[in-house]
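Pasting a structure below so you can have a look.
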Number of protein chains: 2
Amino acid sequence: MVMGSMRKAKRSYDPAAMRARILDVASAAFQSRGYHSTSTHDIMREAGITGGALHHHFPTKKSLGLAVINERVAAAVEEAWINPVRRARTATDGILRAFENIAESLDKQGKVLGCPLNNLAVELSTADPEFQAAVTQVFQAWTSTIAEKLKADKSQFAGRIKPDELATLVVASYSGAIALAKAQQSSEPLRICARQLGKLLSGSADRG
Amino acid sequence: MVMGSMRKAKRSYDPAAMRARILDVASAAFQSRGYHSTSTHDIMREAGITGGALHHHFPTKKSLGLAVINERVAAAVEEAWINPVRRARTATDGILRAFENIAESLDKQGKVLGCPLNNLAVELSTADPEFQAAVTQVFQAWTSTIAEKLKADKSQFAGRIKPDELATLVVASYSGAIALAKAQQSSEPLRICARQLGKLLSGSADRG
DNA sequence: TATCAAACAGGACAACCGGTCTGTTTTTTG
DNA sequence: CAAAAAACAGACCGGTTGTCCTGTTTGATA
């Protein structure tokens, strides 16, 4: 070990970047290993930071978990579902494309880690009221966006279907499908559910 | 503290009952708190046993977890889904009744703890291959039973629908619905999904 | 430039975790 | 009925966990 040439890396003193790096590492770790199986020391090591830095930005592990849900997980749901559905031509189109896009990205990756929201929802909902509230809020935004798009679709005349209920089924089907996908490490459940869901969505348009 | 009148409870030396009690406590604890959040000491204390007894029947925590999945969780799925669906008049009838029965039992209980299979599937599938295999097997038995019932239904003429795919959607919808129910601590998502799913199931019968 | 708070570094700690070990009691076996 | 095996009791251990504490360095402020 040559010590003479080793200089300590200077501190960057960029609190925003530090906080972002912690959230990056934490959200990735929580998704792949889960909240309880990830220790604060794991996060410190993977992020290359010390306990002081972690404690400064997130005094407790719980506060870090809440920040991951409110900032990273919410943003992920927005990118994968909320924005695509809003921009889509029709609700059905946006929903089925979201399924397909996620299924494709799963095939590209080696492992199926599951939906970050669903993972934390199942693990932490009953563990803590604050976690539950944070998770519920993201689910709510997700569901209501789909419901709004369904209402906006001109092909569905008012009263024939219940957009809020149909949106709930879509979210539930996706969450369950990705849970199945995680269990059998395959994207097939996602594609299967998309196909079957498509029948209901197209059927609702002309039958109600 | 009066010690003179205290007698040590005699050992029962009933290994089957001891093993059953451990599985009772463990499966209940795993469902309400999750696998990783439940310590072996928790189980020992709640079951009123010592480390020696626990280690004798289940040398490792993992072996206990596998036994819970293979014996208790599998049995729970059989009782709540597999047997009711087999005995039902039609597949649609059995499926919707299973949703409704579970929703009712959730209302009776104070808390929504989620589906024991789904909980452990999400928490442990990526953590260990043996857990994944055990979970997948239960999912498989569940799905194939529904698919078989769908095939047996005379109202669905052959080729019009894909029973295996429809069964996957049913299981996924239920798993996701109960995840939503757990998140918002309400049985509503379950009832909503049952209603929406009913449209697809009845529609499949006469339209395909 | 002196002052002060924010932003880290890094060690320490009590509690806890899963697993092991030795010993004792009961049942089963030969 | 002796011997062996099974079924426990209960203490113990090394490693890990989340959190806290004391410094030190930097940027903001006045």
Side-chain angles (χ1 to χ4, degrees), chain A residues 3 6-27 29-30 32-69 120 123-124 127-128 130-131, chain B residues 3 6-27 29-30 32-69 120 123-124 127-128 130-131:
Chain A
M3 296 293 291
M6 292 189 68
R7 270 184 299 175
K8 273 192 182 174
K10 275 187 185 170
R11 297 191 197 177
S12 55
Y13 275 88
D14 187 345
M18 170 70 83
R19 196 187 126 95
R21 187 153 91 260
I22 295 174
L23 284 177
D24 284 342
V25 171
S27 59
F30 289 166
S32 63
R33 278 168 280 156
Y35 178 83
H36 288 296
S37 303
T38 303
S39 73
T40 55
H41 291 271
D42 287 341
I43 294 171
M44 285 161 48
R45 182 172 37 78
E46 290 175 25
I49 61 171
T50 64
L54 180 58
H55 183 260
H56 177 74
H57 289 278
F58 304 100
T60 65
K61 188 185 179 184
K62 177 180 168 179
S63 70
L64 175 58
L66 286 172
V68 166
I69 295 173
L120 294 178
E123 187 179 3
L124 301 175
D128 190 286
E130 292 191 57
F131 280 130
Chain B
M3 297 293 290
M6 293 190 68
R7 269 183 299 175
K8 272 192 183 177
K10 273 187 187 171
R11 297 191 197 178
S12 56
Y13 276 88
D14 187 344
M18 170 70 83
R19 195 187 127 95
R21 187 153 91 259
I22 295 174
L23 284 177
D24 284 342
V25 171
S27 59
F30 288 165
S32 63
R33 277 169 281 157
Y35 178 82
H36 288 296
S37 304
T38 303
S39 74
T40 54
H41 292 271
D42 287 341
I43 294 171
M44 285 161 49
R45 181 172 36 79
E46 291 174 25
I49 62 172
T50 64
L54 180 59
H55 182 260
H56 177 74
H57 290 278
F58 303 100
T60 65
K61 189 186 177 183
K62 177 179 169 179
S63 70
L64 176 58
L66 286 172
V68 166
I69 296 174
L120 294 177
E123 186 179 3
L124 302 175
D128 190 287
E130 293 192 55
F131 279 130

Next item on the list: Check whether NZ of the Lys or CZ of the Arg B:K62 lies under 6.0 Å from the centre of the six-membered ring of B:Y35 and within 45 degrees of that ring's axis.
Entry: no

Checklist line | Nearest-angstrom distance from the residue atom CE of A:M18 to P of D:dT26 | finding: 13 Å

Item checked: Value in whole Å for how far the C1' atom of C:dA9 lies from CZ of A:R45 -> 18 Å

Notebook entry, point to check: For A:L54 and C:dA7, what is the distance between atoms CG and P respectively, to the nearest whole Å?
Noted result: 14 Å

Margin query: Assuming nearest nucleotide by heavy-atom distance, tell me which of B:G51 and A:H55 is located more 5' along DNA chain D.
Written below: B:G51

Notebook entry, point to check: Are A:D24 and A:R21 within salt-bridge range, i.e. N to O under 4.0 Å?
Noted result: no

Margin query: Counting only side-chain heavy atoms from C-beta out, which of D:dT26, D:dG10, D:dA7 sits nearest to B:P15?
Written below: D:dA7

Note to self: Angle between the two end axes of the helix from C:dT1-D:dA30 to C:dG30-D:dC1, five base pairs per end, rounded to 10 degrees?
What the structure shows: 10°

Next item on the list: Look up atom CZ in B:F131 and atom CD1 in B:I69, then write down how far apart they are to the nearest 0.5 Å.
Entry: 5.5 Å

Check: side chain to side chain contact (heavy atoms under 4.5 Å, CB included) between A:M18 and A:Y13: does it pass, once the steps are laid out?
Finding: CA-CA 8 Å; A:M18 170 70 83; A:Y13 275 88; over 6 Å; no

Item checked: B:A29 versus B:T38, closest heavy-atom pair with distance -> O-OG1, 3.4 Å

Next item on the list: Nearest whole angstrom, please: distance from the P of C:dG11 to the CD1 of A:I49.
Entry: 15 Å

Checklist line | Rounded distance (Å) that lies between atom P of D:dC8 and atom CZ of B:F58 | finding: 12 Å

Next item on the list: Flag the pair B:R33 and B:E46 as a salt bridge only when some basic side-chain nitrogen lies within less than 4.0 angstrom of an acidic carboxylate oxygen.
Entry: yes

Notebook entry, point to check: Between B:V25 and B:D42, does a side chain to side chain contact (heavy atoms under 4.5 Å, CB included) hold up when you go through it step by step?
Noted result: CA-CA 9 Å; B:V25 171; B:D42 287 341; over 6 Å; no

Notebook entry, point to check: Any idea which of C:dT27, C:dC8, D:dA9 is nearest the B:Y13 side chain?
Noted result: C:dT27

Next item on the list: State whether B:T50 places a side-chain N or O below 4.0 Å from either non-bridging phosphate oxygen (OP1 or OP2) of D:dA9.
Entry: yes

Checklist line | Derivation of the side chain to side chain contact (heavy atoms under 4.5 Å, CB included) call for B:F58 and B:T40 | finding: CA-CA 10 Å; B:F58 303 100; B:T40 54; over 6 Å; no

Checklist line | Backbone of B:G34 reached by a side-chain donor or acceptor of A:E123 within 3.5 Å | finding: no

Strictly under 3.5 Å: I want the nitrogen or oxygen pairs between protein and nucleotides 15-18 of chain D, one per line.
{"from": "D:dT17", "atom 1": "OP2", "to": "A:S39", "atom 2": "OG", "distance (Å)": "3.4"}
{"from": "D:dG18", "atom 1": "OP1", "to": "A:K61", "atom 2": "NZ", "distance (Å)": "2.6"}
{"from": "D:dG18", "atom 1": "OP2", "to": "A:T40", "atom 2": "N", "distance (Å)": "2.6"}
{"from": "D:dG18", "atom 1": "OP2", "to": "A:T40", "atom 2": "OG1", "distance (Å)": "3.3"}
{"from": "D:dG18", "atom 1": "N7", "to": "A:H41", "atom 2": "NE2", "distance (Å)": "3.0"}

Note to self: Which nucleotide wins on minimum distance to the side chain of B:H56, given the candidates C:dA7, D:dC8, D:dA9?
What the structure shows: D:dC8

Note to self: Can you measure B:I43 atom CD1 to C:dC16 atom C1' for me and round it to whole angstrom units?
What the structure shows: 15 Å

Checklist line | Length of the CZ-P vector between A:R19 and C:dA6, whole Å | finding: 16 Å

